[in-house]
Amino acid sequence: MSEQQQDCYILAVETSCDETSVAVVKNGTAVLSNLIASQIETHKAFGGVVPEVASRKHVENITIMLEEAVDQAGIAPEKLSAIAVTEGPGLVGALLVGIMAAKSLAFALDKPLIGTHHIAGHIYANRLVGEIHYPALALVVSGGHTELVLMEQEGSFKLLGRTRDDAVGEAYDKVARALGFPYPGGPHVDKLAMESQTCEEMPRAWLEPNSYDFSFSGLKSAVLNAVNQHRMKGEKGYEAGIARGFQESVIEVVVEKAIRAVKACGAVQLLLCGGVAANRGLREALTERCRKEQIPLTIPPHRYCTDNAAMIGAAAYLKYKQDSYSGLEIKAEASMSLEAWALR
């Protein structure tokens, strides 16, 4: 039996932003270990991620996490099939820490290296919880990305729409800051919006009639204007209504465009991906709309929504099956193209 027909064990590394993560994934679907060291408490004092601080924290964590991930998986290092690492997009300094660690390990163990796209990881996090049927449409919503991606077959990616300014996660954090919440603000806004009995109407940015692009800068400005008006009048207790109005605006546009794209492309499954996929309001609204439209929907559990190495192992398995490996000369690609990373 060839190695390709045997079980595949990929050790994956993810350091694209402010989570250090190492995982061991079997055959692209079974997570044997998935360690995540969050830096939220460190960056909270600055109100957002500081790239240099994030890189230093990755350096502090990566070596011991590599050892612990292999130990938890119960796999001897020499039994690993390949080493995968997020090559981009992300913060260059943070990416470099993971890439250098993965290169060193691949060289020491004489194992193939697989440079992996961060967004492909978010999309294939759905493969950790079930089958993906093609053609599929992925709705990617995270701190740095808001995209609609058509996958006509496994490992193919066609970008249908993207944000023209802020990503959804960025908009949430900026609105949260305006409402007085600490970083990361998204969960605070989501919770307040879900509990609010009032709703302050906010604009919807639909853009051109046939566009699948998104824009949240105008919505963010509307929120800031509403906050300033309430403060100028000396009013109190307006935060909940604004949070709900903001969230309802975001969700309506995102859900409507995703459903429209599914129908237009003949997709047979919708995948929700990215850190904002943990948003309760979005999950509930998309689930209900897909139920009404009879569209199969897959949403990863919360542990696979935020940045994690298990999703990188799942995506890297696509390349492993094709013997499509990276050289040791790979470098951090801050603006790496998803379509360019696709299978050939």
Return yes if a side-chain donor-acceptor contact under 3.5 Å exists between [X] and [Y], otherwise no.
{"X": "H118", "Y": "T86", "answer": "no"}
{"X": "S215", "Y": "D165", "answer": "yes"}
{"X": "E147", "Y": "H122", "answer": "no"}

Is the side chain of [X] donor-acceptor paired with the backbone N or O of [Y] at a distance under 3.5 Å, no angle test?
{"X": "R231", "Y": "G234", "value": "no"}
{"X": "N279", "Y": "G281", "value": "yes"}
{"X": "T15", "Y": "A94", "value": "yes"}
{"X": "S21", "Y": "A309", "value": "yes"}
{"X": "D18", "Y": "I40", "value": "no"}
{"X": "S81", "Y": "Y9", "value": "yes"}
{"X": "S55", "Y": "P51", "value": "yes"}
{"X": "H117", "Y": "M336", "value": "yes"}
{"X": "K103", "Y": "I330", "value": "yes"}
{"X": "K111", "Y": "P77", "value": "no"}

Side-chain ion pair, R204 and E256, N-O less than 4.0 Å: no
Single hit among R162, R164, K257 for side-chain hydrogen bond (donor to acceptor under 3.5 Å, both in side chains) with D213: R164
Shortest non-hydrogen separation from I242 to E200 and the atoms involved: CG1-OE1, 3.5 Å
Side-chain heavy-atom pair Y317, V25 within 4.5 angstrom cut-off: no
Counterpart residues, salt bridge (Lys or Arg N to Asp or Glu O under 4.0 Å), relative to K26 (two or more places apart): D7
side-chain contact (heavy atoms from CB on, under 4.5 Å) between Y172 and V141, worked out: CA-CA 11 Å; Y172 265 91; V141 281; over 6 Å; no
Are [X] and [Y] grouped together when hydrophobic residues (ILVMFWY) are joined by side-chain heavy atoms under 4.5 angstrom apart?
{"X": "V85", "Y": "I75", "answer": "yes"}
{"X": "Y124", "Y": "L159", "answer": "yes"}
{"X": "V262", "Y": "L148", "answer": "yes"}

Fellow cluster residues of Y183, listed by chain then number, with links counted only when side-chain atoms sit under 4.5 Å apart: V49, L91
Partners passing side chain to side chain contact (heavy atoms under 4.5 Å, CB included) against A193 (at least two apart in sequence or in another chain): A243, R244, Q247
Stepwise side-chain contact (heavy atoms from CB on, under 4.5 Å) check, L32 with Q72: CA-CA 7 Å; L32 304 186; Q72 283 193 17; over 6 Å; no
